[in-house]
Asker: 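Pasting a structure below so you can have a look.
FYI, side chains are in, hydrogens and waters are out, and symmetry mates aren't considered; it's all heavy atoms of this structure. As the structure is a computational prediction, the values presented were derived from the model and not from experiment.
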Amino acid sequence: MAFIQFSQVSLAFGDRDILKDVSVNLQTGTKAALTGANGTGKSTLIKVMAGLVNPDSGSRICQKGTRIAYLPQSGLTHHGSTLLEEADRAFQFGYDIQKEIDTIGDELKKNPQNTKSLLEKQAVLITALEDSGWHRRQSLAQTVLLGLGFSPEDFSRKTEEFSGGWQMRIGLAKALMQTPDILLLDEPTNYLDIEARDWLEKFLASYKGAFLLVSHDRYFLDVTVNEIYELFNGDLKRYPGNFTHYERVRELEMKTLISEYEKQQAEIEKLQDFINRFGYKATKAAQAQERQKMLDKILENKIEIPENLKKIRFAFPEAPHTGRIVASLKDVTKWYVKDRNVIHNLHLTIECGERIVVAGRNGAGKSTLLRIIAGVDKNFEGEVVLGAGVKIGYFSQDSAETIAGHISILDYMEQNAPMELIPRIRDMLGAFLFHGDDVFKSLDMLSGGEKSRIALLQLLMRSNNFLILDEPTNHLDIHSKDVLLQALKDFKGTVIFVSHDRGFMEDLSTKVLELSNGCHREFYGDYKYYQERLEAEERGDIPSSQVERQTNAKNNAGQVKNADESFKGKKSKGALNYEEVKKFEAAKRKAEKELKKVEDEIARLESEKKTLETKLSLPEIYSNGEKARQVQTEIHKIDSSIEDLNIVWEKAMQEVEKYAE
């Protein structure tokens with residue numbers, strides 16, 4: 001079994017501890033994620049695991065022959081070869097093994113006396129080469145490249161022709177093609193569209209080796225991993241289960257932590273107040289010094305709350321009133337190349353309060369449509385008519401280009417914020433990953449991603465009633481996405497958006513507009529419903545005559561209605577009808593509710609056990625035999641209860657997994 005093992009690994013940058021006595025073991029079958037607030041050292045830890053950064057102390061043990069593939073967050077470039085030639089470089093390990101096999105073959109001809117040991121060594125190498133899939137490398141390369149969104153026409157293109165995002169896709173493809181024993185992926189979904197993410201999810205689900213990844217996509221984490229490692233203040237803690245389960249457990253832990261934090265803060269304030277008032281008085285100097293010692297001791301063990309787990313909320317300024325119709329699109333057509341229209345005769349009515357997600361593959365015209373509706377792109381046929389009183393707020397990645405100057409982030413935001421929001425600017429900046437002294441950075445010092453976050457926050461503080469958002473979750477972590485999502489769900493206006501974050505799309509959308517090959521369809525439901533509809537079409541539950549993409553508004557409306565009726569009433573072998581789907585979903589929700597109930601109880605007991613263990617370490621407890629025995633008895637009872645609940649949890653998890661199949 002291949003593995004990497006770390007024992008008491010420590011690493012510091014100056015006076016800041018990045019890793020403190022970290023121990024972790026990655027082995028065949030591990031499906032793990034690494035989480036923590038921005039800047040905690042997640043990327044550094046992955047580099048240590050990959051052997052690219054040496055720790056200050058501790059040991060890193062890697063089983064001989066273990067192959068590791070590492071994908072950084074950014075910065076990869078490729079040049080001097082075609083895409084397929086570059087992909088073939090991922091199989092260099094196989095060429096090396098084949099070369100060694102051939103060398104042994106030559107040696108056998110020259111030295112037949114040493115036949116047994118050489119044949120044994122050669123057999124091991126041949127088996128390793130076969131197991132690696134090297135002989136099927138061309139088929140594997142094409143499968144991975146197509147899965148990640150490259151087209152067959154791209155295979156012969158020079159790699160230097162691809163943009164930065166596609167360069168990172170090439171790097172990801174090469175890492176996956178190596179089929180290593182251990183995959184280390186730092187933000188692999190950053191440059192992927194929804195189709196490529198779906199493909200990567202399936203790839204990782206069937207992956208035979210081990211992987212550890214960092215991602216800010218909650219849905220992606222939930223469907224790919226079964227254990228979470230949290231890095232905070234240099235300490236690494238493991239949580240079994242997917243990301244949602246980790247958040248539930250962590251929320252319960254946070255309640256205890258926040259209570260202890262508030263008590264400690266009150267004690268710090270009390271001591272500091274005494275020192276400030278009496279430190280200079282001769283009659284109180286000794287007492288002040290004693291309290292200073294007490295304060296220093298507390299500060300040595302100061303309780304910190306992870307930034308990514310702090311709950312921050314903010315609300316939009318009240319949206320101005322609009323009529324029922326926010327915008328009407330009639331015969332909208334957009335041409336990019338002669339004889340090829342990316343959008344053709346699009347009819348769309350956007351009503352007040354709708355939250356529409358625009359779906360479709362890369363190049364389908366999603367961002368183009370948003371620019372047309374926002375009035376940024378005026379070079380199109382047809383017309384866009386806005387309703388009375390509509391005030392548009394438009395965000396795209398290009399919005400960052402307007403952020404410039406020597407002014408600080410804080411000053412810039414305060415100058416552009418409504419008066420009622422100025423007292424909350426620091427909290428809002430924190431929610432968008434600008435913590436501490438970051439708010440005093442000059443705008444000219446910011447990266448493109450940082451400027452995008454500023455542009456998005458600036459938009460959200462304005463009094464608009466129609467938001468047009470193109471990839472608003474780019475450059476945000478999970479916590480920031482949650483803040484944005486809740487604000488948008490509470491928003492009383494209308495939203496049309498494009499995103500590649502499936503969880504965000506499912507939670508926010510109330511309607512889906514699909515673009516494909518110049519055609520369009522509307523789906524009156526959220527993104528999850530849309531996905532279920534597509535799966536039903538692929539299974540044949542809806543006849544192809546009923547799911548043809550229409551471009552005429554009247555035909556399109558009729559097609560959607562007919563297809564919905566078919567979807568609800570269809571009864572075919574291997575498929576569920578509409579009523580059965582409803583019963584299935586109800587049973588699934590009940591199973592998930594039972595699982596959550598058990599998980600919450602386990603988390604509560606573990607938190608209670610931790611409190612008792614802390615109590616047991618107090619001098620007044622461990623020095624008193626009777627009190628110590630009472631606490632230990634309570635701990636044993638909790639351990640027994642947790643063991644019983646773990647059995648219940650396994651059964652509940654099996655029930656939930658049954659509905660996921």
Asker: Do you know the tightest heavy-atom contact between Leu148 and Trp166?
Answerer: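 Looking at all heavy atoms of both residues, the shortest contact is O-CZ3, 4.1 Å.
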Asker: How many angstroms lie between atom CG of Leu231 and atom NZ of Lys42, to the nearest 0.5 angstrom?
Answerer: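 Going from CG on Leu231 over to NZ on Lys42, the span is 7.5 Å.
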Asker: In terms of side-chain heavy atoms, does Ser10 have a donor or acceptor partner in Asp56 at a distance below 3.5 Å?
Answerer: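 No, because no side-chain N or O of Ser10 sits under 3.5 Å from a partner of the opposite role on Asp56.
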Asker: Crowded around Lys47 NZ? As in, over 12 foreign heavy atoms under 6.0 Å?
Answerer: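 Result for NZ/Lys47: open.
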Asker: Hey, are the side chains of Thr44 and Phe13 touching, using non-hydrogen atoms and a 4.5 Å cut-off?
Answerer: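 With C-beta onward as the side chain, the pair touches.
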Asker: Measure the CG-CG distance between Asp154 and Leu146 for me, rounded to the nearest 0.5 Å.
Answerer: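 Result: 9.0 Å between the selected atoms.
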Asker: Between Arg218 and Asp482 (salt bridge meaning N to carboxylate O under 4.0 Å), is one present in this structure?
Answerer: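 Yes, Arg218 and Asp482 are salt-bridged.
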Asker: Passes side-chain contact (heavy atoms from CB on, under 4.5 Å), Leu71 versus Met168? Steps please.
Answerer: CA-CA 9 Å; Leu71 178 77; Met168 292 306 300; 4.3 Å; yes
Asker: Keeping the roles fixed (side chain from Arg238, backbone from Val24), state whether a donor-acceptor pair exists under 3.5 Å.
Answerer: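 Not a single qualifying donor-acceptor pair exists.
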Asker: Within the structure provided, determine whether Leu184 and Ile68 are in side-chain contact (heavy-atom separation under 4.5 Å).
Answerer: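 Counting from C-beta outward, Leu184 and Ile68 do come under 4.5 Å.
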Asker: Taking the side chain as C-beta and beyond, is there a heavy-atom pair between Leu508 and Val357 under 4.5 Å?
Answerer: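 A side-chain contact is absent here, since even the closest heavy-atom pair is not under 4.5 Å.
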Asker: Do Arg533 and Glu538 meet the salt-bridge criterion of a basic N to acidic O distance under 4.0 Å?
Answerer: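 Salt bridge absent between Glu538 and Arg533.
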Asker: So how far is it from Leu221 CG to Thr35 OG1, rounded to the nearest 0.5 Å?
Answerer: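 Leu221 CG to Thr35 OG1: 7.5 Å, rounded to 0.5 Å.
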Asker: Do Ser516 and Arg361 have side chains that get closer than 4.5 Å, going by heavy atoms?
Answerer: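 Contact flag for Ser516/Arg361 side chains = no.
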Asker: Yes or no on salt bridge (charged side-chain N to carboxylate O under 4.0 Å, His left out) for Lys609 and Asp639, after CA distance, side-chain angles and deciding distance?
Answerer: CA-CA 8 Å; Lys609 177 184 175 183; Asp639 282 336; 2.8 Å; yes
Asker: Side chain to side chain donor-acceptor pair (under 3.5 Å) for Thr66 and Asp181? Distances and angles first, verdict last.
Answerer: CA-CA 6 Å; Thr66 297; Asp181 300 301; 4.7 Å; no
Asker: Tell me whether Glu161 is salt-bridged to Lys158, with the criterion being a basic N under 4.0 Å from an acidic carboxylate O.
Answerer: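 No, Glu161 and Lys158 are not salt-bridged.
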Asker: Test the Arg157-Phe162 pair against the cation-pi criterion, namely NZ or CZ under 6.0 angstrom from the six-membered ring centroid and within 45° of the ring axis.
Answerer: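 Because its charged atom sits under 6.0 Å from the ring centre and within 45° of the axis, Arg157 does stack over Phe162.
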Asker: Just so I know, are the side chains of Phe211 and Pro188 near enough to count as touching, which here means a heavy-atom distance under 4.5 Å?
Answerer: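 Of all side-chain heavy-atom pairs linking Pro188 with Phe211, none is under 4.5 Å.
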Asker: Determine whether the aromatic ring centres of residues Trp134 and Phe93 are separated by less than 6.0 angstrom.
Answerer: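 No, the ring of Phe93 stays outside the 6.0 Å limit from the ring of Trp134, centre to centre.
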Asker: Please determine whether side-chain contact (heavy atoms from CB on, under 4.5 Å) holds for the pair Ser509 and Phe497, giving the CA-CA distance in whole Å, both sets of side-chain angles, and the decisive distance to 0.1 Å.
Answerer: CA-CA 9 Å; Ser509 59; Phe497 68 102; 4.3 Å; yes
Asker: What closest approach, in Å, do Leu185 and Ile46 show between heavy atoms, and which atom pair accounts for it?
Answerer: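 In terms of heavy atoms, the two residues are closest at O-CD1, 4.2 Å.
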Asker: Would you confirm whether Glu100, through its side chain, and Ile97, through its main-chain N or O, come within 3.5 Å as a donor-acceptor pair?
Answerer: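 No, because the side chain of Glu100 does not come within donor-acceptor range (under 3.5 Å) of the backbone of Ile97.
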Asker: Does the side chain of Glu227 come within less than 4.5 Å of Tyr239's, by heavy atoms?
Answerer: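 Not in contact.
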Asker: Please test Arg89 against Glu86 for salt bridge (charged side-chain N to carboxylate O under 4.0 Å, His left out), starting from the C-alpha separation and ending with a verdict.
Answerer: CA-CA 5 Å; Arg89 292 175 181 173; Glu86 186 65 39; 2.9 Å; yes
Asker: Please find the pair of heavy atoms, one from Ala210 and one from Gln27, that lie closest to each other, and give the distance.
Answerer: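 Minimum heavy-atom separation between Ala210 and Gln27: CB-O, 3.0 Å.
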Asker: Within 45° of the axis and under 6.0 Å from the centre of the six-membered ring of Phe220, does NZ or CZ of Arg197 qualify?
Answerer: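 Negative - Arg197 is either too far from the ring of Phe220 or too far off its axis.
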Asker: Which atom pair, heavy atoms only, marks the closest approach of Lys481 to His216?
Answerer: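 Shortest heavy-atom separation between Lys481 and His216 comes out as NZ-O, 2.6 Å.
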Asker: With rounding to the nearest 0.5 angstrom, report the OG to CZ distance, Ser452 to Phe432.
Answerer: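 With rounding to 0.5 Å, OG (Ser452) is 11.5 Å from CZ (Phe432).
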Asker: Which heavy atom of Asp17 sits nearest to which heavy atom of Ala12, and what is that distance?
Answerer: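 Smallest interatomic distance, heavy atoms only, reads OD1-CB, 3.7 Å.
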Asker: Assess the residue pair Ser43 and Gln73 against the criterion (side chain to side chain donor-acceptor pair (under 3.5 Å)); give the C-alpha distance rounded to whole Å, side-chain angles, the decisive distance to 0.1 Å, and a yes or no.
Answerer: CA-CA 8 Å; Ser43 295; Gln73 269 189 37; 3.0 Å; yes
Asker: Out of Ile182, Leu212, Asn25, Thr30, which one pairs with Ile4 under the side chain to side chain contact (heavy atoms under 4.5 Å, CB included) rule?
Answerer: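 Single side chain to side chain contact (heavy atoms under 4.5 Å, CB included) partner of Ile4 among Ile182, Leu212, Asn25, Thr30: Ile182.
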Asker: Surrounding CZ of Arg248 (heavy atoms of other residues, nucleotides or ligands, distance under 6.0 Å), is the total greater than 12?
Answerer: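 Correct, the count exceeds 12.
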Asker: Indicate yes or no for a side-chain donor-acceptor contact from Ser23 to the backbone of Gln8 under 3.5 Å, with no hydrogens or angles considered.
Answerer: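 Side chain of Ser23 to backbone of Gln8, a donor-acceptor pair under 3.5 Å: yes, one is there.
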Asker: When you check the side-chain N and O atoms of Glu506 and Tyr219, is any donor under 3.5 Å from an acceptor?
Answerer: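 Distance-only check fails for Glu506 and Tyr219.
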Asker: How about CD on Gln92, more than 12 heavy atoms from neighbouring residues, nucleotides or ligands closer than 6.0 Å, or not?
Answerer: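 For Gln92, atom CD is crowded (more than 12 foreign heavy atoms under 6.0 Å).
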Asker: Less than 3.5 Å apart, any donor N or O on the side chain of His78 or Glu160 sitting next to an acceptor on the other?
Answerer: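 Their side chains do not contain a donor-acceptor pair, so the 3.5 Å distance test is not met.
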Asker: So, for Leu172 and Leu200, which heavy atoms are closest and what is the spacing to 0.1 Å?
Answerer: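 Closest approach of Leu172 to Leu200, heavy atoms only: CD2-CD2, 4.3 Å.
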Asker: Are more than 12 heavy atoms from other residues, nucleotides or ligands located less than 6.0 Å from atom CG of Asp437?
Answerer: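 12 or below, so no.
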Asker: Any chance you could lay out the side chain to side chain donor-acceptor pair (under 3.5 Å) test for Tyr95 and Asp88, step after step, and finish with the verdict?
Answerer: CA-CA 10 Å; Tyr95 287 108; Asp88 195 57; 2.8 Å; yes
Asker: Test side-chain contact (heavy atoms from CB on, under 4.5 Å) on Ile642 and Glu606; report intermediate values, then the result.
Answerer: CA-CA 8 Å; Ile642 290 175; Glu606 288 178 340; 3.9 Å; yes
Asker: Report the distance from atom CD1 of Ile228 to atom NZ of Lys237, rounding to the nearest 0.5 Å.
Answerer: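 Result: 13.5 Å between the selected atoms.
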Asker: Verify side-chain contact (heavy atoms from CB on, under 4.5 Å) between Leu11 and Leu45, making sure each step is shown before the conclusion.
Answerer: CA-CA 9 Å; Leu11 177 66; Leu45 176 55; over 6 Å; no
Asker: Testing the 3.5 Å rule here: is there a donor-acceptor pair between the side chains of Glu253 and Ser607?
Answerer: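 On atom types as modelled, these side chains do not qualify, holding no pair under 3.5 Å.
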Asker: Would you give the length of the straight line joining atom OG of Ser139 to atom CZ of Arg137, rounded to the nearest 0.5 angstrom?
Answerer: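 Ser139 OG to Arg137 CZ: 11.5 Å, rounded to 0.5 Å.
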Asker: Judged by modelled atom types alone, do Tyr246 and Asp222 share a side-chain donor-acceptor pair under 3.5 Å?
Answerer: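 Result is no, nothing qualifies.
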Asker: Do Phe6 and Val9 have side-chain heavy atoms sitting under 4.5 Å apart?
Answerer: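 Side-chain contact under 4.5 Å: yes.
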Asker: Measure the shortest side-chain to side-chain distance between Lys31 and Leu204 over non-hydrogen atoms and say whether it is less than 4.5 angstrom.
Answerer: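 Side chain of Lys31 against side chain of Leu204, heavy atoms only: no contact under 4.5 Å found.
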Asker: With distance as the sole criterion, is a donor-acceptor pair present between the side chains of Arg502 and Tyr527 under 3.5 Å?
Answerer: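 There is no such pair between these side chains.
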